[in-house]
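Quick caveat: nothing in here was measured; it's all calculated off a predicted structure.
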Amino acid sequence: MSQHLEPDENTALLRNENGKAFKETQEQYKSRWRSIRVMYLTMFLSSVGFSIVITSIWPYLKKIDLTADASFLGWVVAAYSVGQMVASPIFGLWSNYRPRREPLIVSIFINVAANILYAYVHIPHSHNKYYMLAARTCVGLGAGNVAVVRSYVAGATTLNERNSAMANMSASQALGFILGPVLQACMSFIGERGVTWELIDLQLNMYTAPALLGALFGVVNIVLVIAVLREHCVDDLERSFNNINSISEERVEVTGDAEECIDQVAVVTSNLLFFVILFIFAVFETISTPLSMDMYSWTRAQAVYYNGIILAAIGFESILVFMAVKSISKITGDRLVLLGGLVIIFCGFLILLPWGNQFPKIQWTGIQNTTTNGTFSATTNVTSSPPRNDLSEPTGCPAQQTWCQYIPVIHLAQYITSDILIGMGYPACNVMSYTLYSKILGPKPQGVYMGWLTASGSGARTLGPVFVSQVYTSLGPRWAFGAVCGLVVAAVVLLGVMYKRLIAFSLRYGRLQEQVAA
């Protein structure tokens, strides 16, 4: 008979290659947490690599290809998520059967190559927007390693450690989102022309420098993964834990058929909720730059700079929320924090709905007129409105978007208030959805399941940009943000209906064992 190991409160049980549990030594503890911190850094560098270009994609796209419009922007932003959605289950499955170092190194290398390609998309003489689309797709393929990172942290922490570890990982991601826009804002001073290195035909400007810096971060990440990362797997089956609402549960000894006890309905529900959460944030991050340029007549450089500052402030706010969530969830439970986050997000998008009788400045450039009553068609050119100060580029809400003429402006105070609320609600929902999901899955290898969760989020980040770019361009912000409000309400209803099933694996398994014994 195998000896049952009873660790103290601060000692984890590890599993060796044969599945046998043994007490962790102090050196193994240090190695385990060094590896976990490398995963934090990997998540941080991945988010920096994404956010460092997010505010400049739209201006860069307009600069390199005049045929690109806001609708195509949706596809460019979505391309990242399409790549991630395809790669996540593959990397997750790979990590279940091979050392996690392998998929991590391959994925980061893809990311480095894709960022270099992004820096060169201005070189071709035509179809530049499609080269950008390809570059962003490849960046997304590299970002599929997020499933590996999450499954590693979930498997290398005890259930008691997991809330804190998931919050720290999400905080690392948020810190990346802070520094990314800040670095982009700083690089905006390089200007659109920048400098050219003719030997390798490289143009270093405010659009390409962030991508090249992201590639450099990737190289650093590969070195750290090779030098520091080690495999660790914590055995939760030999210990008793608290459930997701801090209610004590009895010790449960799980047999070999544990996988059959996973609540698949709860798994599907968690994926749906995660889809909604990521869809909502994808809508927000995609439309922020076009919205601000339309509503406030910002130039490309101003939009990159100001939105970089705003996103950095949101990222800092998110870190504070992540830190608070660790304490609040111990009191209220994960599910109530998730519910509260959804309510706050709903308020954020509700505030963003346009109202009043003030309208945005119209950009009339290129519009043609045949009548005197303001109806436009293709006959004679209308004189463009005078340019603002000495700016050479047209600003304002394009008259091709007909809603600009009758939808009220979204005031800057509305925009900033909405940013604050979404920056508060999204991180709470984000970290709780990860934590709940890992607890529902229990001790089994989570690579594939985490891959599906990441794919679900990637699907949301694919559909969100496409949806908002199409609806915003055709119908305006009232329809776009109103639809998001309706989606959040649907998520709240789903969470309420499935509330009692979103519980930890150990608690569910214990209940099933009691039913069998009875």
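- Taking each heavy atom of Val112 and Val219 in turn, the nearest pair found is CG2-N, 3.9 Å.
- We find the CG-OG1 distance between Leu117 and Thr137 to be 10.0 Å, quoted to the nearest 0.5 Å.
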Go through Val139 and Gln84 one step at a time and tell me if the side chain to side chain contact (heavy atoms under 4.5 Å, CB included) criterion holds. CA-CA 8 Å; Val139 171; Gln84 189 179 55; over 6 Å; no

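- Counting heavy atoms from C-beta on, the side chains of Phe284 and Phe349 come closer than 4.5 Å.
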From CA spacing to verdict: side chain to side chain contact (heavy atoms under 4.5 Å, CB included), Leu273, Leu436: CA-CA 11 Å; Leu273 290 173; Leu436 271 173; over 6 Å; no

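- Between Arg32 and Ser35, the closest side-chain pair of non-hydrogen atoms is not below 4.5 Å.
- The local environment of CZ in Phe109 is sparse, with at most 12 non-hydrogen atoms from other residues, nucleotides or ligands closer than 6.0 Å.
- For Thr208, the side chain to side chain donor-acceptor pair (under 3.5 Å) partners are Asn205, not counting sequence neighbours.
- Applying the side chain to side chain contact (heavy atoms under 4.5 Å, CB included) rule to Val77 yields the partners Leu73, Thr286, Pro465; only residues at least two apart in sequence or on another chain are considered.
- Of the N and O atoms on the side chains of Asn307 and Ser292, at least one donor lies less than 3.5 Å from an acceptor on the other residue.
- In this structure a side-chain-to-backbone donor-acceptor pair under 3.5 Å is missing from Asn221 to Phe217.
- For Tyr40, the ring-ring contact (aromatic ring centres under 6.0 Å, His included) criterion is met by no residue, not counting sequence neighbours.
- Interatomic distance, CG of Leu502 versus OG of Ser433, reported as 11.0 Å (0.5 Å rounding).
- Ring pair Phe189/Tyr305 is perpendicular by interplanar angle, where above 60° counts as perpendicular and below 30° as parallel.
- A distance of 10.5 Å separates SG of Cys347 from CD1 of Ile422, quoted to the nearest 0.5 Å.
- For Thr289, the side chain to side chain donor-acceptor pair (under 3.5 Å) test picks out no residue, with sequence neighbours left out.
- Using a 4.5 Å heavy-atom threshold, the side chains of Ile36 and Tyr152 count as touching.
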Under the side chain to side chain contact (heavy atoms under 4.5 Å, CB included) rule, what do Val146 and Ser88 come out as? Steps first, then yes or no, please. CA-CA 7 Å; Val146 171; Ser88 293; 5.9 Å; no

Set out, in order, the CA-CA distance, both residues' side-chain angles and the distance that settles side chain to side chain contact (heavy atoms under 4.5 Å, CB included) for Tyr426 and Ile344, then state yes or no. CA-CA 8 Å; Tyr426 170 73; Ile344 293 173; over 6 Å; no

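- With a 4.5 Å cut-off on side-chain heavy atoms, Leu272 and Val268 count as touching.
- Of the candidates Val38, Thr42, Leu41, Thr42 is the only one forming a side chain to side chain contact (heavy atoms under 4.5 Å, CB included) with Val149.
- In terms of heavy atoms, Leu352 sits closest to Tyr415 at CD1-CA, 4.0 Å.
- Between Met206 and Ser56 there is no side-chain heavy-atom pair separated by less than 4.5 Å.
- Residue Phe275 comes nearest to Ala460 through the heavy atom pair O-CB, 3.0 Å, listed as atom of the first residue, atom of the second, then distance.
- Contact check for Leu229 versus Met39: side-chain heavy atoms found under the 4.5 Å cut-off.
- Partners of Asn271 under the side chain to side chain donor-acceptor pair (under 3.5 Å) rule, at least two apart in sequence or in another chain, are Tyr437.
- With rounding to the nearest 0.5 angstrom, the OG atom of Ser288 is 12.5 Å from the CH2 atom of Trp58.
- Atom CD1 of residue Ile328 and atom CG of residue Leu336 lie 11.0 Å apart, to the nearest 0.5 angstrom.
- In this structure, Leu204 CG and Leu212 CG are separated by 6.5 Å, a value rounded to the nearest 0.5 Å.
- Side-chain N or O atoms of Ser329 include none that pairs as donor or acceptor with a backbone N or O of Asp334 at under 3.5 Å.
- Across every non-hydrogen atom of Cys429 and Gly341, the tightest pair is SG-C, 3.3 Å.
- Smallest separation of non-hydrogen atoms from Tyr120 and Leu202: OH-CB, 3.5 Å.
- Residues forming a side chain to side chain contact (heavy atoms under 4.5 Å, CB included) with Leu320 (at least two apart in sequence, or on another chain): Phe316.
- At a threshold of 4.5 Å between non-hydrogen side-chain atoms, the residues Tyr131 and Tyr118 do not count as touching.
- Within the 4.5 Å cutoff, no side-chain heavy atoms of Ile345 are placed close to those of Leu421.
- Across Pro210 and Val53, no two heavy atoms sit closer than the pair CB-CG1, 3.9 Å.
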